[in-house]
Amino acid sequence: MVEFADIVRKVEASRPGEDLTLLRRAYEFSLAEHRTQKRLSGEPFVSHPLEVANVLAEMKLDVVCLAGGMLHDVVEDTPTTIERVRQEFGPEVARIVEGVTKISRIEFSSSEEQQAENFRKMLLAMVEDIRVVLVKLADRLHNMRTLEALPSEKRLRVARETMDIYAPIAHRLGMGKMRGELEDLAFRHLDPEAFEEVKKAVESRRKLSEEFLHEVRAEVEAKMKQLGIPARVEGRIKRLYSIYNKLQRQKISIDQVYDLLALRIVTDTVKNSYSALGIIHNTWRPVPGRIKDFIAIPRPNLYQSLHTSVIGPHGQPFEVQIRTEEMHRTAEEGIAAHWKYKDGRRLAQQDEERFAWLRQLVEWQQEMRDPGDFLSTLRIDLYPEEVYTFTPKGKVIVLPRDGTPIDFAYAIHTEVGNHCVGAKVNGRIVRLNSKLKNGDIVEIVTKADHQPSRDWLGWVRTSRARDKIKHWINLAQRRQALEIGRKLIEKEARKYGVTLKRVSEVDFQRVAREYGATQVDDLYAGIGYGKFAARQVLANLAPAAKIEVEKGSKLTSAVKRVLGISRDPAIEVHGHDDLMVYRAKCCNPIRGEEVIGYITRGKGIAVHSKNCANVQNLLYDAERRIEVLWAGPKYSLYPVALTLVTEDRQGMLADVTSAISGVNSNIQNIEARTGDNRALIDVTLDIVDVAHLEKIVSQLKKIEGVYQVERVTRS
Ligand code: MN
């Protein structure tokens with residue numbers, strides 16, 4: 001069992017001069033809090049936090065991190081609260097303990113690869129402080145080392161989780177040593193037979209292998225010395241799980257594994273790394289296609305090294321890895337190797353950025369096979385912002401940042417979305433437009449007769465939810481229009497004594513085609529939307545009935561009434577007589593202004609001024625644009641709102657009203673506000689057309705003390 005003194009020695013060696021008070025207090029606190037507890041192995045519980053802190057000390061991490069490791073189980077396993085930890089040890093240690101506690105409570109629940117990936121990403125997305133992950137990995141490592149004590153079912157679950165979630169995270173953080181040990185430990189429990197088999201195969205070759213490595217190592221050392229290149233040379237036998245994977249993937253025998261044995265040369269500079277490669281290739285014959293330059297092109301987890309395979313003295317192939325001291329540390333400890341504090345408190349900015357960058361790479365990496373693809377994503381998608389949430393059963397649902405419970409509901413199932421009435425997040429009822437956060441457990445409440453609302457469109461972030469809501473609204477509108485259309489035509493038929501049942505299906509289809517509808521239902525819907533007049537359609541269906549058809553019949557207004565659509569008689573739609581038209585409220589166009597029509601869904605045609613910002617920015621969709629014109633010299637009045645900025649003087653309002661009546665316009669409403677020696681006058685007038693408006697504006701501007709006259713539009 002590790003003693004506290006062992007940890008102190010390690011910290012003193014790696015971080016001389018560091019104040020150890022915090023760490024000592026954390027140890028004493030942990031000892032006191034866990035004093036009555038024992039591990040399943042029978043050891044006192046405190047041995048676990050001690051081992052965890054020891055792993056962290058071996059990674060040369062700072063005392064805050066080690067204190068976090070020492071205290072990582074006190075909130076989970078003792079009555080101590082996180083507030084208490086914060087009071088006693090400060091916000092940084094508390095944040096680490098809180099983060100580890102949060103992660104530990106998440107139970108990984110599926111071995112489906114996509115779900116595993118989501119879990120990994122979620123864990124990384126959840127942590128604000130990378131030390132949380134480092135402590136969690138150290139915790140997991142010690143638990144794996146002592147896994148025998150657990151009942152077999154739990155043992156398997158923990159081993160599976162380690163293999164699927166934690167070892168890959170260690171890998172992505174570049175922690176080769178941690179990953180290797182976690183994998184081998186998990187392998188041993190998950191597939192004991194395969195483990196024993198590979199182990200036996202390696203053991204039976206171990207003596208030969210070690211002699212061989214010793215021999216080539218001596219040779220390399222001698223040559224390096226001769227040429228004056230400083231180098232540390234190590235031999236290593238490949239890790240068991242790594243060997244097993246290779247055997248499985250490539251369907252080869254253990255003797256065909258090129259990198260079963262590897263020689264590692266650690267030198268001082270990049271230049272000497274390449275020189276060493278030259279020496280190796282001069283000494284032994286390189287295997288073609290096995291040279292990899294990860295110095296020039298580092299792996300996404302920052303791993304750098306030169307790799308080559310050569311045929312050794314007795315025809316034995318082996319791998320040689322060459323790198324600098326710094327690259328070696330990165331390869332073994334990954335992110336932990338970069339974990340340096342400037343003043344023992346704050347993480348160096350560069351390292352923070354490196355991790356942010358690393359985390360991005362981590363997320364991209366798994367999707368990318370092709371490095372070209374990888375680079376193009378690197379440019380385009382610099383900040384993939386996602387939120388990882390859970391169903392109550394533990395399935396991870398990935399949403400875009402700011403995703404809402406509605407997005408979540410539609411991500412589960414369209415029906416869940418369509419009938420969702422409420423949501424609980426972490427057991428609490430929340431509004432449907434609240435923003436979800438990483439790690440939120442979301443429960444959707446549904447009601448069979450509930451329907452999506454148009455408001456939802458403004459709340460959702462996923463295109464899936466948006467499309468489904470739009471689809472539902474369109475369908476509902478179409479159902480409504482179809483129903484109205486059918487009723488209208490039945491009403492007309494009764495009026496003219498036409499028996500619709502006698503009209504043949506063929507005639508229905510013919511008329512539908514004449515109206516450009518592909519099926520009879522579309523014809524009804526067209527009537528319901530107000531696109532076709534019911535009486536006109538009926539006349540075509542039953543030509544013998546001699547139905548009198550007039551333009552703009554009363555029936556069309558029935559449609560307007562039902563659907564709430566008005567038709568402005570002053571506007572004509574090019575080539576159509578009976579489309580519903582209304583002036584858009586945002587720009588409120590008046591006669592004489594250049595206008596364009598925009599086909600809305602289910603509300604007819606909105607007529608906008610050509611320079612309305614909405615048309616230009618939002619609504620511009622060539623397919624939905626339609627040409628509209630002001631109708632002949634029909635006379636109608638439009639309300640137009642103006643705002644005047646004037647001098648604040650007596651009689652101003654009277655001057656304004658008389659100027660307006662002087663050009664034959666009615667005032668619907670007028671209001672004045674004063675302040676700061678100025679007056680603001682809001683007036684709404686009846687206007688005939690643009691010329692009329694221009695005349696009024698110019699008259700108003702002539703009044704003494706009127707500084708500004710502006711037409712009010714809403715956009
Ligand atoms: Mn633990």
Side-chain angles (χ1 to χ4, degrees), residues 1-4 6-7 23 25-59 61 63-82 84-85 88-89 92-108 119 123-124 126-127 129-151 153-167 169-170 173 175 178-179 181-182 185-186 189 336 439:
M1 193 177 123
V2 171
E3 307 271 335
F4 182 66
D6 301 329
I7 296 170
L23 184 59
R25 277 178 45 229
Y27 166 63
E28 280 157 8
F29 190 90
S30 184
L31 189 65
E33 292 302 309
H34 292 297
R35 71 185 176 280
T36 56
Q37 297 167 329
K38 281 204 181 331
R39 303 200 85 213
L40 285 175
S41 60
E43 281 183 300
F45 190 90
V46 77
S47 66
H48 171 61
L50 269 172
E51 290 284 355
V52 170
N54 184 51
V55 171
L56 296 167
E58 277 170 359
M59 285 154 86
L61 294 169
V63 288
V64 169
C65 189
L66 266 64
M70 204 71 92
L71 298 165
H72 79 273
D73 272 329
V74 294
V75 173
E76 189 67 15
D77 294 338
T78 78
T80 309
T81 63
I82 192 69
R84 174 96 197 276
V85 175
E88 298 274 339
F89 299 98
E92 267 188 297
V93 173
R95 194 167 63 217
I96 294 174
V97 174
E98 194 173 20
V100 175
T101 306
K102 219 153 74 180
I103 291 178
S104 303
R105 282 181 186 161
I106 294 170
E107 215 164 272
F108 170 62
F119 264 87
L123 288 189
L124 290 174
M126 264 173 75
V127 297
D129 188 328
I130 183 59
R131 287 174 294 186
V132 170
V133 179
L134 302 181
V135 172
K136 184 64 207 172
L137 288 171
D139 173 42
R140 180 49 58 106
L141 183 63
H142 182 240
N143 284 338
M144 287 303 292
R145 283 174 181 168
T146 53
L147 203 59
E148 280 80 14
L150 263 56
E153 197 182 306
K154 194 160 182 214
R155 211 160 60 207
L156 276 178
R157 191 184 68 71
V158 174
R160 170 61 41 213
E161 190 180 73
T162 300
M163 192 64 104
D164 289 344
I165 311 293
Y166 291 103
I169 285 178
L173 296 179
M175 304 164 75
M178 171 74 77
R179 172 210 182 181
E181 193 175 348
L182 286 175
L185 287 166
H189 292 281

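The analysis underlying the following values was restricted to heavy atoms, covering all of them including side chains, and did not include hydrogens, waters or symmetry mates. Indexing begins at 1, ligand by ligand and atom by atom, following the structure's order.
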*Report yes or no: does Asp73 have an N/O/S atom closer than 2.8 Å to the Mn ion (ligand 1)?*
yes
To the Mn ion (ligand 1), the closest N, O or S atom belonging to Asp139 is OD1
Begin from the C-alpha positions of Glu33 and Thr80 and carry the test side chain to side chain donor-acceptor pair (under 3.5 Å) through to its verdict. CA-CA 8 Å; Glu33 292 302 309; Thr80 309; 2.5 Å; yes
Check: So do Phe89 and Val97 actually touch side chain to side chain, heavy atoms under 4.5 Å?
Finding: no
Any N/O/S atom, side chain or main chain, of Asp77 closer to the Mn ion (ligand 1) than 2.8 Å?
no
Next on the checklist: the Mn ion (ligand 1) and His72: any N/O/S contact shorter than 2.8 Å?
Outcome noted: yes
**Residue Glu3 excluded, over 12 heavy atoms near CD under 6.0 Å** = no
inquiry  = Regarding Lys102 and Glu98, does a basic nitrogen lie under 4.0 Å from an acidic carboxylate oxygen?
reply    = no
